[in-house]
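Computation of the quantities below employed the complete heavy-atom set of this structure, encompassing side-chain atoms and omitting hydrogens, waters and symmetry-equivalent molecules. In each ligand, atom 1 is the first atom listed, and ligand 1 is the first ligand listed.
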Amino acid sequence: MRKKLIAGNWKMNNTPSQGVALINEIKDTANNAVCDVVVCTPYICLPAACEAAKGSKIAVSAENMHFEDKGAFTGEISADMLKEVGVTYTVIGHSERRQYFAETDTTVNLKTVKALANDILPIVCVGESLDQRENGITFDFISMQVKLALKGVSAEDAKKVVIAYEPIWAIGTGMTATDEQANEVCLFIRETVKSLYGADVSDTMRILYGGSMNAKNAAGLLAQSDIDGGLIGGASLKAADFCTIINAANA
Ligand code: PGA
């Protein structure tokens, strides 16, 4: 049985003190949860978030990471830097980074490999646009994204990767994929992983759904056979809603 994972993606929201307050509000629910709970915070919030989460079941994630160890990369953050403050996960290849910050399948792969080499668990995002869905190329596109992200990743490491299926048309739009639509693609991702590594890896890997998941629709999505959790943006900023989603994953 795969342990469910509920990850809040704060994006560019919350100052360090606001982030600490939010962590304190969700701590009890997280500590009593059966699922894993992760908060993905802006870089500037990470030290305070790690400190606030210490001793609780909340794990702290970055929202991005550079693929080089160090050097002349103004404005970037390395795996070492993340590890030193206690970060244990990082989001990689979120569609907003692909769209606004020139993230490509190549950099997603380099970052995935680098995170794994540094014991940081990557939450790799994939997802089709509305145009791609309407033109019937969702599965081809997702298959390509998954295969390129995992290039050069060993079977043992692949088990640690979390893939988040986030249809771009559902992110921040309130237009959630139906339970069936979301599960269909998550199952397809699992089959793709199986074709690469075999059932041992595909049965172990956690595949999340993201895109307007909220307190109302979470239970339905999380009850699906191949959805092992959620990557939650907007609804993760409200403690009560995020706690409802955590509890839905415990059911
Ligand atoms: P949303 O964002 O829940 O606000 O749609 C999800 C995400 O982008 O991770």
Side-chain angles (χ1 to χ4, degrees), residues 4-14 18-19 22-23 26 35-43 45-46 49 58-65 87 89-103 108 111-112 115 121-130 132-133 138 141-142 145-146 149 161-179 181-183 185-186 189 206-222 224 227-249:
K4 284 204 166 44
L5 191 161
I6 297 297
N9 178 15
W10 295 356
K11 309 192 179 186
M12 198 172 74
N13 294 291
N14 289 327
Q18 289 166 339
L22 181 52
I23 286 172
I26 64 171
C35 65
D36 287 338
V37 178
V38 176
V39 290
C40 315
T41 90
Y43 286 140
C45 297
L46 290 171
I58 300 170
V60 178
S61 172
E63 297 177 8
N64 179 36
M65 188 198 87
V87 170
Y89 287 81
T90 186
V91 176
I92 294 175
H94 189 280
S95 63
E96 286 150 15
R97 294 212 58 84
R98 293 181 192 252
Q99 185 178 351
Y100 305 124
F101 303 100
E103 193 82 72
V108 167
K111 290 175 181 193
T112 302
L121 303 176
I123 302 174
V124 178
C125 301
V126 299
E128 82 286 3
S129 66
L130 189 57
Q132 287 165 330
R133 176 161 282 265
T138 296
F141 186 71
I142 299 284
Q145 283 188 317
V146 169
V161 173
V162 177
I163 293 183
Y165 167 55
E166 298 207 307
I168 295 168
W169 47 271
I171 295 176
T173 58
M175 235 169 86
T176 321
T178 63
D179 298 348
Q181 277 174 329
N183 196 51
V185 181
C186 288
I189 292 170
R206 292 188 290 187
I207 300 172
L208 316 182
Y209 169 76
S212 299
M213 190 186 272
N214 58 39
K216 287 205 176 74
N217 61 26
L221 289 159
L222 295 169
Q224 301 302 307
I227 300 179
D228 305 317
L231 184 58
I232 299 114
S236 74
L237 300 174
K238 295 173 224 135
D241 288 5
F242 194 56
C243 288
T244 301
I245 298 171
I246 293 169
N247 288 330

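Ranking the protein heavy atoms by distance from atom 9 (O) of ligand 1 puts Glu166 OE2, 2.7 Å first. Scanning the protein heavy atoms around atom 4 (O) of ligand 1, the nearest turns out to be Gly234 N, 2.9 Å. Ranking the protein heavy atoms by distance from atom 2 (O) of ligand 1 puts Lys11 NZ, 3.2 Å first. Taking atom 3 (O) of ligand 1 as the reference point, the nearest protein heavy-atom neighbour is Gly233 N, 2.8 Å.
At least one side-chain heavy atom of Ser95 sits under 4.5 Å from a side-chain heavy atom of Ile171. Contact of the Arg98 side chain with the Ile168 side chain is not registered, since no non-hydrogen atoms from C-beta on lie closer than 4.5 Å.
The ligand atoms of ligand 1 that sit less than 4.0 angstrom from a heavy atom of Leu231 are 6 (C), 9 (O). Counting atoms of ligand 1 from 1 in the listed order, those under 4.0 Å from a heavy atom of His94 are 7 (C), 8 (O), 9 (O). Short contacts between ligand 1 and Ser212, defined as distances under 4.0 Å to a heavy atom of the residue, involve ligand atoms 1 (P), 3 (O), 5 (O). Every atom of ligand 1 with a heavy atom of Gly211 under 4.0 Å away is listed here by number and element: 5 (O).
Residue contacts with ligand 1, taken as heavy atom pairs separated by less than 4.0 Å, involve Ala170 solely via the backbone atoms N, CA, C and O.
The one candidate from Glu63, Glu166, Gln99 that meets the side chain to side chain donor-acceptor pair (under 3.5 Å) condition with His94 is Glu166.
One distance of note links CG of Asp228 with CG of Leu222; it measures 9.5 Å at 0.5 Å rounding.
Heavy atoms of Gly210 stay at 4.0 angstrom or farther from ligand 1.
Among the atoms of Ile171, none of the N or O lies under 3.5 angstrom from an N or O of ligand 1. On a distance-only criterion, Gly172 and ligand 1 share at least one N/O pair closer than 3.5 Å.
In plain terms, the two heavy atoms of Ile227 and Leu221 that are nearest each other are CD1-O, 3.4 Å.
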